[in-house]
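So the structure is just underneath, and the comments pick up after that.
Nothing here was measured: the structure is a model prediction, and the numbers come from that model.
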Amino acid sequence: MTSTPLTGGSGARMRRARRVGVVGLLLAAVVALTACSTDFLHPAPPVSTPTGEDVAEALQPFYTQVLEWEPCGDGLGCATAKAPLDWENPADGEVELALIRHVATGERIGSLLVNPGGPGGSGYDFVADSLDYAVGQPLQEHFDVVGFDPRGVGRSSDVACYDAAAMDDYLYGIVPAERGSDEWIDLVGTAAADFGKACNEQTGDLLAHVDTVSAAHDLDLLRAVLGDEKLNYLGYSYGTFLGATYADLYPEKVGRLVLDGALDPAASNAEVNEVQAVGFEHALHGYLENCLTGTECPFQGSADDAMAEVGRLLASVDASPLRGSDGRMVGADTLLTAIIYPLYSEESWPYLDQLFESVMFGEADVALSFADAYNGRGDDGTYLDNSTEAFRAINCLDYTYQSDVAAMRADAAAIAAAAPIIGPYFGYGDLGCVNWPYRSDRVREPITASGAAPILVVGTTGDPATPYEWAVALADQLESGVLVTYDGEGHTAYNKSNDCVDNAVERYLLDGTVPESDPRC
């Protein structure tokens, strides 16, 4: 019964080995945790970590732990690290962080931690299932490539909420009221509140501590226990926000950071929804222009005519949902999720031909299969990971949300005006988190990471999920940001676009060479 598909801003390559990733955008407060500002840090004398640095006594058990690596198939090694549940009160408990490592095949530089996005994406699966997609061969030769599941995700201490049947109702249920009406808002808000209550009951104390700032502190812990003096990191989509947050908290520990498919840390929740709606609308228009040049396109006329037809299809199923062969219904939200799924990559656009043709004939199963792939739902009806739960839980802590219905309606109207076809189904995003068990009061702010070494920011001009303007904004905000532009379509660019992008990223990571100016790849 979600009001919009889960398209935060983090789009993530998190699922590309199996399916196109959910984009999830997160912000985090960028208040640095330092010895002079946190009570738990200043009373005790420092102790030495595996990298020879000093940390407070309260953090000693975490920073001095020794990872126990065990073989886990295909030449990979796996280990589990411990981190504080609450970084401000490290004695209050701990969480587990799952790691997987591919050891450098040649002369080793150090570790390279990778994050595929989300929030909710499994870096463990990213490396285990699609190492060659995650990083190119030159990086595999010279870095230990380390995937990790952030707190709340996958094999790490994770967020749990609903069983499969309840998740089906939550994601695919039809709201029996007019979109945007008082009744509709009440129903959607109640469903979201019930979901949050279930997450709190099933997850416990962890649910209050899955924010990005906590994950960034975890990232520094992983850097230290891996034996690296500085962090080398490759983050995609939401992973760019995690990396930028780390750089702001630990600028002196920044080694070489690549942030690909960047998010704008200063964008509000409403701004994120509007910019993404416009991004996906542009991608849809691009698909339709391409489709109409072929012989199998289910549309006729101009691209604008076809866009209008898509708008009518969405409105039609919003009013009269289609029933699938398993009894589940396809309303506008599920159909939009199915449309968005192939829009992440230009290579996937042809699959939209089949989707639109089937819906035009009143058939729901293709749309359900696409939405299932997006949501991580298996053919047997089970969910393959907890990415939906983690996405919601992390987002609810990383943004602020409003309860003012009039303000929600104004934001929804602005989104619909900016993206007339897709925008009407991107509004009211506050409903998902406004009644979350743990309320966030964090303010979206620029991230400068003052004093950090150069940071490479990669942006794709036709990225529908993390639009190019966000990469420009992040590179401008970062005191040491360096922009690399890929002129093309699709979500993220490294290792999937052209040699110009790949060479810029790899030269930077391998020898620290920063482009003198944007190469405009």
Side-chain angles (χ1 to χ4, degrees), residues 3-5 7 11 20 23 174 178-180 273-324 329-371 373-374 412-428 460-469 487-491:
S3 61
T4 57
T7 54
V20 175
V23 184
I174 301 300
E178 182 182 356
R179 186 177 297 271
N273 288 333
E274 181 173 330
V275 172
Q276 280 201 317
V278 171
F280 282 111
E281 188 135 324
H282 285 167
L284 178 62
H285 194 277
Y287 150 72
L288 290 169
E289 286 181 328
N290 179 267
C291 176
L292 289 165
T293 63
T295 59
E296 303 297 326
C297 186
F299 297 95
Q300 296 180 345
S302 69
D304 288 342
D305 293 335
M307 287 288 286
E309 179 64 19
V310 173
R312 288 190 289 272
L313 283 174
L314 286 165
S316 175
V317 299
D318 198 34
S320 300
L322 303 177
R323 183 179 296 277
M329 306 296 289
V330 172
D333 296 321
T334 297
L335 178 56
L336 185 56
T337 300
I339 293 170
I340 284 173
Y341 170 52
L343 286 178
Y344 278 92
S345 169
E346 188 173 7
E347 295 175 354
S348 300
W349 285 1
Y351 293 105
L352 285 165
D353 296 357
Q354 179 187 10
L355 170 65
F356 283 121
E357 184 174 16
S358 66
V359 173
M360 289 174 179
F361 278 97
E363 298 172 357
D365 284 355
V366 173
L368 284 169
S369 69
F370 282 23
Y374 189 101
I415 295 170
I421 305 304
I422 285 179
Y425 309 97
F426 264 67
Y428 301 97
T460 299
T461 57
D463 190 330
T466 51
Y468 177 67
E469 64 193 78
D487 287 309
E489 299 291 334
H491 181 47

Open item on the list: So which atom in Ile339 and which in Leu352 form the shortest heavy-atom distance, rounded to 0.1 Å?
Closed with: O-CD2, 3.7 Å
Open item on the list: Could you work out, with side-chain hydrogen bond (donor to acceptor under 3.5 Å, both in side chains) as the rule, every residue matching Thr461, not counting sequence neighbours?
Closed with: none
- [ ] Only counting residues at least two apart or in another chain, list the ones meeting salt bridge (Lys or Arg N to Asp or Glu O under 4.0 Å) with Asp318.
- [x] Arg179
- [ ] Return the set of residues passing salt bridge (Lys or Arg N to Asp or Glu O under 4.0 Å) with Glu309 (not counting sequence neighbours), or none when no residue passes.
- [x] Arg312
TODO: Can you measure from CD (Glu363) to CZ (Arg323) and round to the nearest 0.5 angstrom?
DONE: 15.5 Å
TODO: Hey, could you give me the CZ/CD distance between Phe426 and Glu274, rounded to the nearest 0.5 Å?
DONE: 11.5 Å
Open item on the list: Using modelled atom types and a 3.5 Å cut-off, is there a donor and acceptor pairing between side-chain atoms of Thr334 and backbone atoms of Gly331?
Closed with: no
- [ ] Please test Leu343 against Trp349 for side chain to side chain contact (heavy atoms under 4.5 Å, CB included), starting from the C-alpha separation and ending with a verdict.
- [x] CA-CA 6 Å; Leu343 286 178; Trp349 285 1; 4.0 Å; yes
Task: Smallest separation among heavy atoms of Leu292 and Ala306, with atom names - done: CD1-CB, 4.4 Å
- [ ] Considering non-hydrogen atoms only, spot the tightest contact between Gln300 and Asp305 and give its length.
- [x] O-CB, 4.0 Å
Task: Donor-acceptor contact below 3.5 Å, side chain Ser358 vs main chain Leu355 - done: yes
Open item on the list: Between Pro350 and Pro342, is there a side-chain heavy-atom distance shorter than 4.5 Å?
Closed with: no
Open item on the list: Can you tell me which residue among Asn273, Ile422, Val278 is in a side chain to side chain contact (heavy atoms under 4.5 Å, CB included) with Ile415?
Closed with: Asn273
- [ ] List the steps, then state whether side chain to side chain contact (heavy atoms under 4.5 Å, CB included) holds for Leu284 with Val310.
- [x] CA-CA 9 Å; Leu284 178 62; Val310 173; 3.9 Å; yes
Task: Within-4.5 Å side-chain heavy-atom neighbours: Val330 and Leu368 - done: yes
- [ ] Measure the NE2-CD1 distance between His285 and Ile421 for me, rounded to the nearest 0.5 Å.
- [x] 9.5 Å
Open item on the list: Has Glu489 got a side-chain atom pairing as donor or acceptor with Ser345's backbone, closer than 3.5 angstrom?
Closed with: no
Task: Under the salt bridge (Lys or Arg N to Asp or Glu O under 4.0 Å) test, residues paired with Asp487 that sit two or more places apart - done: Arg520
Open item on the list: I'd like to know if the side chain of Thr460 and the backbone of Asp463 have a donor-acceptor N/O pair within less than 3.5 Å.
Closed with: no
Task: Point-to-point distance, once rounded to the nearest 0.5 Å, from CG of Asp333 to OH of Tyr425 - done: 8.5 Å
Task: CA sep, side-chain torsions, deciding dist, call: Phe280, Tyr344, ring-ring contact (aromatic ring centres under 6.0 Å, His included) - done: CA-CA 9 Å; Phe280 282 111; Tyr344 278 92; 5.6 Å; yes
Task: ring-ring contact (aromatic ring centres under 6.0 Å, His included) against Phe299, all qualifying residues, sequence neighbours excluded - done: Phe356
Task: Distance-minimising heavy-atom pair for Pro464 and Ala283 - done: CB-CB, 3.7 Å
TODO: Report yes if the side chains of Tyr351 and Tyr341 come closer than 4.5 Å at any heavy-atom pair, otherwise no.
DONE: no
- [ ] Mark yes when over 12 heavy atoms from residues, nucleotides or ligands other than Gln354 sit less than 6.0 Å from its CD; otherwise mark no.
- [x] no
Open item on the list: What's the separation between atom CE in Met329 and atom CG in Leu335, rounded to the nearest 0.5 Å?
Closed with: 13.0 Å
TODO: Could you list all the salt bridge (charged side-chain N to carboxylate O under 4.0 Å, His left out) pairs where at least one residue sits in residues 344-358, not counting sequence neighbours?
DONE: none
Open item on the list: Tell me whether Ser316 contacts the main-chain N or O of Leu313 through its side chain, where contact means a donor paired with an acceptor under 3.5 Å.
Closed with: no
Open item on the list: To check you understand the geometry: which heavy-atom pair defines the closest contact between Leu288 and Ala303, and what is its length?
Closed with: CD1-O, 4.2 Å
